[in-house]
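I have placed the structure first, in the form of structure tokens, so that the comments after it can refer back to it.
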Amino acid sequence: MSLEGVQTAGTTRPGTARAVDGVSEGRLRRAFGSRRVRDLGLKVAGVLTVLLVLELCSRLEILSQDWFPPMTDTWVELAKLAFGHPLWTEIGRTLGGWAIGIGIATLLAIPIGVLLGSNRTAYRLSRVVIEFCRPVPSVALIPLAVLVYGVGLEMKVFLIVFVTFWPILLQVIYGVQDVDPLIHDTARSYGLPPRARFFRITLPSAAPYIATGLRIASAIALVLAVTAELVVGAPGLGQSIVVAQSNANLPRMYALIIVTGLVGWALNTVFQAVERRLLRWHPSQRLEVAS
């Protein structure tokens with residue numbers, strides 16, 4: 001074989017390499033697409049299986065229909081509520097307190113967390129206070145909140161701010177403390193000012209922790225908002241559930257409970273999507289996408 005033939009057999013032309021890469025990329029996209037479709041199908045099948053089991057248990061009187069109506073009746077009632085104005089009004093009231101509480105807690109927790117995470121002495125001084133206030137049950141604060149703020153929006157906001165402040169604060173502190181000191185020392189040796197070090201090093205390093213704290217606080221805030229509406233009677237989904245239960249309208253009661261679950265699922269999905277979008281550069285997000 002000639003030297004030219006050996007070189008041709010041992011090398012690949014650039015156009016051919018691009019074509020092979022294109023085919024491989026196309027196959028990978030199709031594989032990921034088929035896997036996502038398969039995963040979605042399994043999730044839908046799992047939900048339908050649970051609904052079918054619950055329907056059969058109610059129809060066969062394994063679960064008494066006096067306390068657990070058939071799921072078909074519940075979903076019919078849910079469809080009626082979906083096209084009614086009062087349902088969306090109650091969802092708006094619940095989410096209104098949720099959003100205001102989360103916003104205030106975030107505005108308070110992030111700067112305080114950065115301060116405590118950056119200063120070891122300040123963190124040691126405040127650690128006992130944080131560990132004492134963080135486990136206080138939110139339900140124990142309801143009488144105080146009702147006494148001070150009544151049963152309106154202010155009461156819900158106060159409870160949400162108090163309870164969600166702590167997980168956000170702790171995540172910010174851990175995120176700031178997790179920054180590699182060597183990176184800070186290197187930036188300082190190159191003359192990078194404190195403000196630039198904060199925005200270019202500290203904040204990006206703590207961003208995944210902050211995102212996790214917000215996602216955890218979101219679920220806690222929704223639970224607390226509905227709990228306050230159930231216990232105290234503040235306007236929102238919780239109050240609507242109590243009214244349906246008082247009127248012995250069990251299909252509506254279960255439909256409203258499903259609505260609260262759907263709202264929580266939607267909020268968590270939104271937070272995860274925003275987190276993946278804003279933190280796509282972080283290794284954890286790349287590993288999640290690859291898996």
Query raised in the report: Taking the side chain as C-beta and beyond, is there a heavy-atom pair between Arg134 and Leu170 under 4.5 Å?
Result: yes

Query raised in the report: To the nearest 0.5 Å, how far apart are CD1 in Ile130 and CG in Leu116?
Result: 5.5 Å

Report task. Could you check if a side-chain atom of Ile112 sits within less than 4.5 angstrom of a side-chain atom of Phe165, using non-hydrogen atoms only? Result -> yes

Report task. Please answer: with hydrophobic residues joined when any side-chain heavy atoms are less than 4.5 Å apart, are Val114 and Ile104 in the same cluster? Result -> no

Requested in this report: Compare all side-chain heavy atoms of Val226 with those of Val263 and state whether any distance is below 4.5 angstrom.
Outcome: no

Query raised in the report: Is the backbone N or O of Thr260 less than 3.5 Å from a side-chain atom of Trp265, with the two atoms forming a donor-acceptor pair by type?
Result: no

Requested in this report: With sequence neighbours left out, write down each residue that passes side chain to side chain donor-acceptor pair (under 3.5 Å) with Glu229, or none if nothing qualifies.
Outcome: Thr94, Lys156

Query raised in the report: Does Glu131 pair with Arg127 as a salt bridge, N-O distance under 4.0 Å?
Result: no

Requested in this report: Write down the atom of Val176, the atom of Ala206, and the distance for their closest heavy-atom approach.
Outcome: N-CB, 4.0 Å

Query raised in the report: Do side-chain atoms of Gln239 reach the backbone of Gly233 as a donor and acceptor pair under 3.5 angstrom?
Result: yes

Query raised in the report: Has the side chain of Ser246 got a donor or acceptor atom that lies under 3.5 Å from a matching backbone atom of Val242?
Result: yes

Requested in this report: Return yes if some donor-acceptor pair links the side-chain N/O of Asn268 with the main-chain N/O of Gly264 below 3.5 Å, else return no.
Outcome: no

Query raised in the report: Does a sphere of radius 6.0 Å around CZ in Arg200 hold more than 12 heavy atoms from other residues, nucleotides or ligands, not counting ones at 6.0 Å or beyond?
Result: no

Query raised in the report: Quick one: CG on Leu267 to CG on Leu95, what's the gap to the nearest 0.5 Å?
Result: 6.0 Å

Query raised in the report: Relative to each other, are the rings of Trp98 and Phe271 parallel, tilted or perpendicular (30° and 60° limits)?
Result: perpendicular

Query - Atom pair CG (Leu159) and CD (Glu154), whose distance is rounded to the nearest 0.5 Å - result: 12.0 Å

Query raised in the report: Do side-chain atoms of Glu55 reach the backbone of Thr72 as a donor and acceptor pair under 3.5 angstrom?
Result: yes

Query raised in the report: About how many Å separate CD of Glu77 and CG of Asp73, when rounded to the nearest 0.5 Å?
Result: 9.0 Å

Query raised in the report: Rounded to the nearest 0.5 Å, how far does CG of Leu52 lie from CE of Met71?
Result: 11.0 Å

Requested in this report: Answer with yes or no after comparing the ring centroid distance for Tyr209 and Tyr174 against a 6.0 Å cut-off, counting only values under it.
Outcome: no

Query raised in the report: Between atom CD1 of Ile258 and atom CG of Leu81, what is the distance when rounded to the nearest 0.5 Å?
Result: 10.5 Å

